[in-house]
Peer 1: 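Got a structure here, written out as structure tokens. Questions coming.
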Amino acid sequence: MSRVYSFSAGPSAFPESVLKQAQAEMLEWRGSGMSVMEMSHRGKHFSMIAEELESDLRELLAIPTNYKVLFLQGGASAQFSLIPQNILNGKTKACYVNTGAWSEKAIQDAKGQCEVILSASSEASKFTHIPNVESWSIDTDAAYLHYTSNETIHGVEFQSIPDSKGLTLVSDMSSNILSRPVDVSKFGIIYAGTQKNMGPAGVTVVIVRDDLIGHAAKGTPPVFDYAQQVKNGSMLNTPATYNWYLVGLVLKWLKEQGGVAAIEQRNINKAAKLYDVIDQSTLYSNPVEKFVRSRMNVPFILNDEALDKPFLAASEANGLFELKGHRSVGGMRASIYNAMPDSGVDALCEFIKEFERTH
Ligand SMILES: Cc1ncc(COP(=O)(O)O)c(C=O)c1O
């Protein structure tokens, strides 16, 4: 067996030790006599897994007690609709900031439920910057302000929490949750799919402040109503049990790494190395304003498009996979989430330099 480095944007690289642990526990989970996949979600063994999952996430993100944590299905994409449905609470408007492809999707889906006020947009710069927060137009009658903390496709990341001028702040943190410390108390809702920094695809984490729960629009199906899911411990329907277990293992791994503050330092170093190599070259470039470059997703283009295919073929020959950029922007993208080891980034940097030297 020979493993390669996966720079996929999600589903993405897993900590290898976690894969090994899952392998070791596949047939029988800790004296239970069965695989996690074979357990009832209502039984005592799975209840332990579920409790630890929530308490580890609460510990890692220092989630205050007046927030509930849900583990749902449908991806962050489902939340694009479920957030307005659950928290408009009679209001008819919501503010959105458009910093890239994922903001756009959130905006599109919210439009089905309310009037969207575009507070700011970086579309004119092809999503290569974040508009100055002072210039955002915030409507105080809106139910909330939504932004995407890291744009997975465009490689743009907020470096601090924006001031929502008193509006409930909602953030899609799918691609940078747990990569840096965050003050949860500043938010009404934080949501994220698990397939980047928390393990496998199939679970959506929704962290929601108590006062926002219980106001779903009339006719909201119970599985989509936060209040119903809170009441049932995210088990109103059968949860994705094995995925919860895997997310739990990834969170334990993150604790072993020293937690979020420690992984942030590693993420800063990994991203700096990669951007340095790109900036120092004449073959590659990254268009994003330096201050808002993503630590998680590093898009770059080759100045001669004809080299794209040879670049990808040679990278794979060197054990570096999934570097093709998103189809909407082209070029390359290296996703270097928490689980990407330094050795993977080092190997990529070396390859990028070597390819430039030989082309
Ligand atoms: C920032 C962001 N938001 C939302 C999504 C959609 O997630 P899902 O496919 O799990 O619905 C993605 C997927 O890559 C993403 O990167």
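Both counts, for ligands and for their atoms, begin at 1 and track the order of listing.
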Peer 1: Does ligand 1 have any N/O atom under 3.5 Å from a protein N/O, and what are those pairs and their distances?
Peer 2:
unit_1   : atom_1 : unit_2 : atom_2 : d
ligand 1 : 3 (N)  : D172   : OD2    : 2.6
ligand 1 : 10 (O) : Q195   : NE2    : 2.9
ligand 1 : 11 (O) : A76    : N      : 3.2
ligand 1 : 11 (O) : S77    : N      : 2.9
ligand 1 : 11 (O) : S77    : OG     : 2.6
ligand 1 : 14 (O) : K196   : NZ     : 2.8
ligand 1 : 16 (O) : W102   : NE1    : 3.3
ligand 1 : 16 (O) : T152   : OG1    : 2.4

Peer 1: Whether E356 and K353 form a salt bridge (side-chain N of Lys/Arg under 4.0 Å from carboxylate O of Asp/Glu) is what I want to check.
Peer 2: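 Salt bridge between K353 and E356, a charged N being under 4.0 Å from a carboxylate O: no.
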Peer 1: Which residue in the set K252, R30, R58 passes salt bridge (charged side-chain N to carboxylate O under 4.0 Å, His left out) when paired with E52?
Peer 2: K252
Peer 1: Looking at every heavy atom in both F355 and L283, which two are closest together, and how far apart are they?
Peer 2: CD2-CD2, 4.0 Å
Peer 1: Going by an N to O cut-off under 4.0 Å, is there a salt bridge joining K273 and D276?
Peer 2: no
Peer 1: Could you check whether the rings of Y191 and H146 sit parallel, tilted or perpendicular, using 30° and 60° as the cut-offs?
Peer 2: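 The rings of Y191 and H146 sit tilted, inter-plane angle from 30° to 60°.
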Peer 1: Answer yes when E289 and R293 have at least one side-chain N-carboxylate O distance shorter than 4.0 Å, and no when they do not.
Peer 2: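 Not counted as a salt bridge, because no side-chain N and carboxylate O are separated by less than 4.0 Å.
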